[in-house]
Each structure stands twice: as C-alpha cells, then as structure tokens.
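Take a look at the structure set out below.
Below, all heavy atoms of this structure are taken into account, side chains as well, without hydrogens, waters or symmetry copies. One is the number of the first residue; the rest follow in order along the sequence.
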Amino acid sequence: QVQLVESGGGLVQPGGSLRLSCAASGRAFDTYSMAWFRQTAGKEREFVACDRRSDGAPKYQDSVSWRFTFSRDNAKNTVYLQMNSLEPEDTAVYYCAAKSVYSGNFFWYTEVEDYDYWGQGIQVTVSS
C-alpha cells in the first residue's frame with residue numbers, strides 16, 4: 001500500500017509557473033505507474049499526465065502537453081508536475097495517483113478507475 005501527499009499548490013497569475021510535488025510513502029515506489037489528475041467543481045476528474053513503467057515515458061492531456069512536464073525521482077519516492085504558462089482554465093484541485101503495475105508494462109493509464117491510490121488533492125488557482 002502507498003500513501004500520497006501533494007504539495008506546491010497555490011495562487012499564481014496567468015502566465016506564471018508552479019511545481020507540484022507528490023511524496024509517496026511505503027515500499028517499492030518504482031513498481032508504480034504514477035499520474036496527475038485535476039478536478040473543478042461540478043466536473044469529473046480529468047487526466048493531466050502520467051508515466052509508464054517500462055521506460056518512464058510521460059503522456060499528457062493535449063491541452064497541457066507543451067506547458068506541463070511530468071517527472072519522477074525514485075530515490076526520493078516523489079513525482080513532480082512542472083506547470084508553466086498557466087492559464088485560468090488550469091485552476092483546479094490537482095490529485096496525484098498511483099497504480100501498481102508489473103515490470104516492463106508499456107501502457108499509459110489515463111482513466112480515474114485505473115488507479116488504486118490517491119492523494120488528498122491540492123488547490124491550484126490561476127488568477128490575476
């Protein structure tokens with residue numbers, strides 16, 4: 001089992017940047033595929049970015065692909081989401097998620113129901 005704690009959210013002006021972190025407790029962090037999702041009031045939780053276990057390659061939602069960067073540091077049991085050129089439409093609660101997968105798995109998982117563990121979420125507000 002793994003516990004996830006997000007940090008790094010807050011208020012930023014349009015065009016600004018934030019870096020979210022997600023620290024994982026527990027063992028075998030490198031056996032998990034990790035993801036970021038986000039949710040606004042009245043809407044379903046949506047996929048933002050994830051990696052895959054086979055090679056760590058990231059996948060992004062189209063609207064963030066040139067602005068956000070997913071990364072992970074297995075030595076620190078942490079994943080990051082660097083968010084640049086933020087827009088008001090990026091305002092949401094951001095969630096970190098983890099899915100246990102076998103070694104060599106080359107799938108990207110982009111659906112909420114794919115993931116076994118979730119953080120508590122952290123607010124990101126983009127406003128002038």
Side-chain angles (χ1 to χ4, degrees):
Q1 193 163 356
V2 64
Q3 293 183 321
L4 306 172
V5 179
E6 301 97 338
S7 62
L11 172 65
V12 64
Q13 291 187 342
S17 299
L18 281 175
R19 188 176 80 156
L20 303 182
S21 299
C22 172
S25 65
R27 300 172 63 183
F29 175 71
D30 60 348
T31 66
Y32 292 88
S33 285
M34 301 296 295
W36 289 96
F37 287 76
R38 66 187 181 186
Q39 188 170 22
T40 55
K43 294 187 177 181
E44 294 186 353
R45 196 168 295 187
E46 66 173 7
F47 167 76
V48 176
C50 70
D51 68 353
R52 62 185 181 188
R53 189 165 175 212
S54 60
D55 58 3
K59 180 177 178 65
Y60 300 95
Q61 181 198 110
D62 288 345
S63 70
V64 308
S65 61
W66 65 273
R67 301 183 294 121
F68 291 8
T69 302
F70 179 104
S71 62
R72 72 188 291 164
D73 185 338
N74 286 335
K76 296 182 178 179
N77 282 14
T78 302
V79 294
Y80 304 96
L81 187 68
Q82 177 67 44
M83 305 186 294
N84 299 326
S85 300
L86 282 161
E87 303 168 351
E89 293 72 23
D90 297 314
T91 295
V93 177
Y94 283 70
Y95 295 89
C96 176
K99 175 180 175 63
S100 180
V101 296
Y102 63 86
S103 177
N105 185 305
F106 56 86
F107 292 107
W108 288 296
Y109 295 94
T110 63
E111 303 296 327
V112 170
E113 54 266 29
D114 291 331
Y115 288 86
D116 306 308
Y117 304 102
W118 292 86
Q120 80 287 353
I122 192 161
Q123 179 69 45
V124 170
T125 302
V126 184
S127 175
S128 56

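When all heavy atoms of Val48 and Val64 are compared, the pair lying nearest together is O-CG2, 3.7 Å. The shortest heavy-atom contact between Val2 and Ala24 is CG2-CB, 3.7 Å. Of all the heavy atoms in Asp116 and Ser100, the pair that sits closest is OD2-N, 3.3 Å. Scanning both residues, Cys96 and Val79, for their nearest heavy atoms gives SG-CG2, 4.0 Å. The two atoms that bring Gly9 and Val124 nearest to each other are CA-CG2, 4.2 Å, heavy atoms only. The two atoms that bring Asn74 and Arg72 nearest to each other are OD1-NE, 2.9 Å, heavy atoms only.
The side-chain contact (heavy atoms from CB on, under 4.5 Å) check on Asp55 picks up Arg52, Ala57, with sequence neighbours excluded. Residues satisfying the side-chain contact (heavy atoms from CB on, under 4.5 Å) test with Glu111, not counting sequence neighbours, are Glu113, Asp114. Applying the side-chain hydrogen bond (donor to acceptor under 3.5 Å, both in side chains) rule to Tyr115 yields no partners; only residues at least two apart in sequence or on another chain are considered.
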Listing, residues 14-22 side-chain donor-acceptor contacts under 3.5 Å, not counting sequence neighbours, or none:
{"from": "Ser17", "atom 1": "OG", "to": "Asn84", "atom 2": "OD1", "distance (Å)": "2.9"}

Would you mind writing out the side-chain donor-acceptor pairs for residues 29-42 within the sub-3.5 Å range, not counting sequence neighbours?
{"from": "Thr31", "atom 1": "OG1", "to": "Ala28", "atom 2": "O", "distance (Å)": "2.6"}
{"from": "Trp36", "atom 1": "NE1", "to": "Tyr80", "atom 2": "O", "distance (Å)": "3.4"}
{"from": "Arg38", "atom 1": "NE", "to": "Glu46", "atom 2": "OE2", "distance (Å)": "2.6"}
{"from": "Arg38", "atom 1": "NH1", "to": "Asp90", "atom 2": "OD1", "distance (Å)": "2.9"}
{"from": "Arg38", "atom 1": "NH1", "to": "Tyr94", "atom 2": "OH", "distance (Å)": "2.9"}
{"from": "Arg38", "atom 1": "NH2", "to": "Glu46", "atom 2": "OE2", "distance (Å)": "3.3"}
{"from": "Gln39", "atom 1": "OE1", "to": "Arg45", "atom 2": "NE", "distance (Å)": "3.2"}
{"from": "Gln39", "atom 1": "OE1", "to": "Arg45", "atom 2": "NH2", "distance (Å)": "3.3"}
{"from": "Gln39", "atom 1": "NE2", "to": "Lys43", "atom 2": "O", "distance (Å)": "3.1"}

> Run the side-chain contact (heavy atoms from CB on, under 4.5 Å) check on Leu86 and Phe68 step by step: do they pass?
Replying inline: CA-CA 9 Å; Leu86 282 161; Phe68 291 8; 3.9 Å; yes
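Side-chain contact check for Ser25 versus Asn77: every heavy-atom pair is 4.5 Å or farther apart. Inter-residue side-chain proximity for Val112 and Phe47 is flagged as unmet; no heavy-atom pair is nearer than 4.5 Å. Between Glu6 and Gln120 the shortest side-chain heavy-atom distance falls below 4.5 Å.
By the rule that hydrophobic residues join a cluster once side-chain heavy atoms approach within less than 4.5 Å of another member, Val101 and Phe107 end up as members of one cluster. Tyr117 is connected to Leu81 through a chain of hydrophobic side-chain contacts under 4.5 Å among Ile, Leu, Val, Met, Phe, Trp and Tyr, so both are in one cluster.
Note on residues 97-128: no pairs pass disulfide bond (SG atoms under 2.5 Å apart), not counting sequence neighbours.
Environment of CD in Gln3: sparse, with no more than 12 heavy atoms of neighbouring residues, nucleotides or ligands closer than 6.0 Å. Phe106 CZ: 12 or fewer foreign heavy atoms inside a 6.0 Å radius.
For Arg53 (side chain) and Asn105 (main-chain N/O), no donor-acceptor pair under 3.5 Å exists by modelled atom type. Proximity of a side-chain donor or acceptor of Tyr109 to a complementary backbone N or O of Cys50 within less than 3.5 Å is not detected. Without hydrogens or angle criteria, Ser128 side chain to Gln13 main chain gives no donor-acceptor distance under 3.5 Å.
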